[in-house]
Engineer: 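Take this structure first; my questions come after.
Chain naming here is simple, since letters A, B, ... match the order of the sequence lines and numbering starts at 1 in each.
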2 protein chains.
Amino acid sequence: MIYLEKQDWDMVLLDLMLPGMNGEEILSKIAEQSNTPVLIISAKLEQQAKIDALRSGADDYITKPFDIDEVSARIDSHLRRYRRLQELPMKKELRYKNIVIDTEAKKVVVEGKSLAFTAREYNILVLLMSSPNKIFTKENLFENVWNEPFYGDDNTINVHMSNLRSKLSKASPGVEYIETIWGMGYRLKS
Amino acid sequence: MIYLEKQDWDMVLLDLMLPGMNGEEILSKIAEQSNTPVLIISAKLEQQAKIDALRSGADDYITKPFDIDEVSARIDSHLRRYRRLQELPMKKELRYKNIVIDTEAKKVVVEGKSLAFTAREYNILVLLMSSPNKIFTKENLFENVWNEPFYGDDNTINVHMSNLRSKLSKASPGVEYIETIWGMGYRLKS
DNA sequence: CACTTTTTTCAACGATCCTACATAATAATT
DNA sequence: AATTATTATGTAGGATCGTTGAAAAAAGTG
């Protein structure tokens, strides 16, 4: 345990049959205190030992006698998984013309300028930009943005579209973003 | 593959011996295109098949006949690892404006002064500071801090936000830390 | 069990946003 | 050109959401 605490390890290979130590205790300490993946190597063949170890924090359990290539492949597999998740806390970004939306930050930038939209407006814009070629009917829009069934037309959507256009064209005059397809719906102008 | 692409799965259990499909191809497609953990279940006992699968993206390889408890424990182990890494790719020290959090000691220092927060307040603050640009919806907050599903709004979160702000501004008057994004959520003020 | 601390609930108020309505504009139809 | 159908826009309640203080409930402590 002294060694384990001294630095951050990428992975721990733990032999449960080490003399003079309780492997199970070590395992649960590591599992509690760190994120380090732990692979157990053990001569214990009993299923229950395996299951207990996996349940108390082990990432894998390999029984002796083991195939060195398999162990190596398993180590690499865990490292791969570990690194991949560490590194990619994805950012999703939508782009269309000079509009950029960072969907994590829910931030809309038009021509370099950050624009403020209401929640409804924002959701409509995201929906349109998620399928730039699709024509969204009012029903589509309503059911996606409002999450409610659509009972025919009031002109709520029209108003939101109007406001969206107005804000967008204030930020970037002369550019048309949203196209009206008469009798059908709306889509981004291509 | 049709089913796989339709939504984000927490995990895929893949039987390599499915009739009419090439399991190896499916595996590498998943591995390339997503972060989903893949556990292989297979009747192939040859070491080389195991090693190949692990090397081409599988997270585990379980051979038939298998012990259902072991499989279950392995599934949980991988899910645990996956979730844990998803949630805390955390630095030991979080900084934002004049706030410094030592996440090991769970100590918050604002403008040199050590501040006392309750557990809830602390967790909320850490979450916000872990992604300073992200807007956290109430659902986000609830599911991360409470670890419970979110059934619509009571105003518990509002109250905690209010208390957080109040404590912070007592320690450092005039600075605004937490921004309300109307109809969307909260985030740190940039 | 009594006491403290923390969390949640409640209520009142203010800020912001949504949508119904009226009216205008535009496109399709005759 | 006139008529009808559809969409656009300005405006004003009313609805929703957020804030805050206080009180109730729950959790933690000795």
Engineer: Between A119(B) and H160(A), which is nearer to the 5' end of DNA chain C once each is assigned its nearest nucleotide?
Structural biologist: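 The 5'-side residue here is A119(B).
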Engineer: Over how many whole Å does the gap from M161(B) atom CE to dT9(C) atom C1' extend?
Structural biologist: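 Distance check: M161(B) CE to dT9(C) C1' gives 18 Å.
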Engineer: In whole angstroms, how far is the P atom of dT7(C) from the OH atom of Y122(B)?
Structural biologist: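 It works out to 14 Å between those atoms.
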Engineer: Crowded around K107(A) NZ? As in, over 12 foreign heavy atoms under 6.0 Å?
Structural biologist: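 No, the 6.0 Å shell around NZ holds no more than 12 heavy atoms from other groups.
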Engineer: When you measure from every atom of DNA chain C, which of residues 180-190 of chain B have a heavy atom less than 4.0 Å away?
Structural biologist: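 Heavy-atom contacts with DNA chain C come from W182(B).
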Engineer: On DNA chain C, check which nucleotide each of F142(A) and T118(B) is closest to and give me the residue with the more 5' one.
Structural biologist: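 The answer here is T118(B).
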Engineer: Just checking M11(A): does its CE atom have more than 12 heavy atoms from other residues, nucleotides or ligands closer to it than 6.0 angstrom?
Structural biologist: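 Yes.
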Engineer: How many whole angstroms separate atom CG of N147(A) from atom C1' of dT16(D)?
Structural biologist: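 Interatomic distance, CG of N147(A) to C1' of dT16(D): 17 Å.
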Engineer: Would you say E176(B) has more than 12 foreign heavy atoms packed within less than 6.0 Å of its CD?
Structural biologist: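 Open: at most 12 neighbouring heavy atoms sit under 6.0 Å from CD of E176(B).
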Engineer: Let me know the distance between CD of E148(B) and C1' of dT7(C), rounded to the nearest Å.
Structural biologist: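 My rounded result for the distance is 12 Å.
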Engineer: Under 3.5 Å, is there a donor-acceptor pair between the Y186(B) and N140(B) side chains?
Structural biologist: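 Short answer, no.
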Engineer: How long is the line joining CH2 of W146(A) and P of dC18(C), in whole Å?
Structural biologist: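 That distance rounds to 8 Å.
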Engineer: Looking at DNA chain D, which of residues 162-178 of chain B put a heavy atom within less than 4.0 Å of it?
Structural biologist: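 Only S162(B), R165(B) qualify.
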Engineer: Does OP1 or OP2 of dT6(D) have a side-chain N or O of K138(A) closer than 4.0 Å?
Structural biologist: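 No, because none of the side-chain N or O atoms of K138(A) sits under 4.0 Å from OP1 or OP2 of dT6(D).
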Engineer: State, yes or no, whether a side-chain contact exists between K106(A) and T137(B) at a heavy-atom distance under 4.5 Å.
Structural biologist: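 SC-SC contact between K106(A) and T137(B) confirmed.
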Engineer: Which nucleotide in the set dG18(D), dT9(C), dA20(C) lies at the smallest distance from any side-chain heavy atom of N158(B)?
Structural biologist: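 Nearest to the side chain of N158(B) among the choices is dG18(D).
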Engineer: For the residue pair H78(A) and H78(B), categorise the inter-ring angle as parallel (less than 30°), tilted (30 to 60°) or perpendicular (more than 60°).
Structural biologist: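 It falls in the parallel class, under 30°.
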Engineer: For the atom pair CG (L14(B)) and OH (Y61(B)), what is the distance rounded to the nearest 0.5 Å?
Structural biologist: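 Between L14(B) CG and Y61(B) OH, I get 10.0 Å after rounding to 0.5 Å.
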Engineer: Taking C-beta and beyond as the side chain, do S72(A) and R55(B) meet within less than 4.5 Å on heavy atoms?
Structural biologist: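 SC-SC contact between S72(A) and R55(B) confirmed.
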Engineer: Between the base of dT20(D) and the side chain of N155(B), is there any donor-acceptor pair under 3.5 Å?
Structural biologist: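 Indeed, a donor on one side and an acceptor on the other fall under 3.5 Å apart.
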Engineer: When you look at R74(A) and E70(A), which way does the salt bridge (charged side-chain N to carboxylate O under 4.0 Å, His left out) test go after all the steps?
Structural biologist: CA-CA 6 Å; R74(A) 283 187 180 273; E70(A) 180 186 344; 2.9 Å; yes
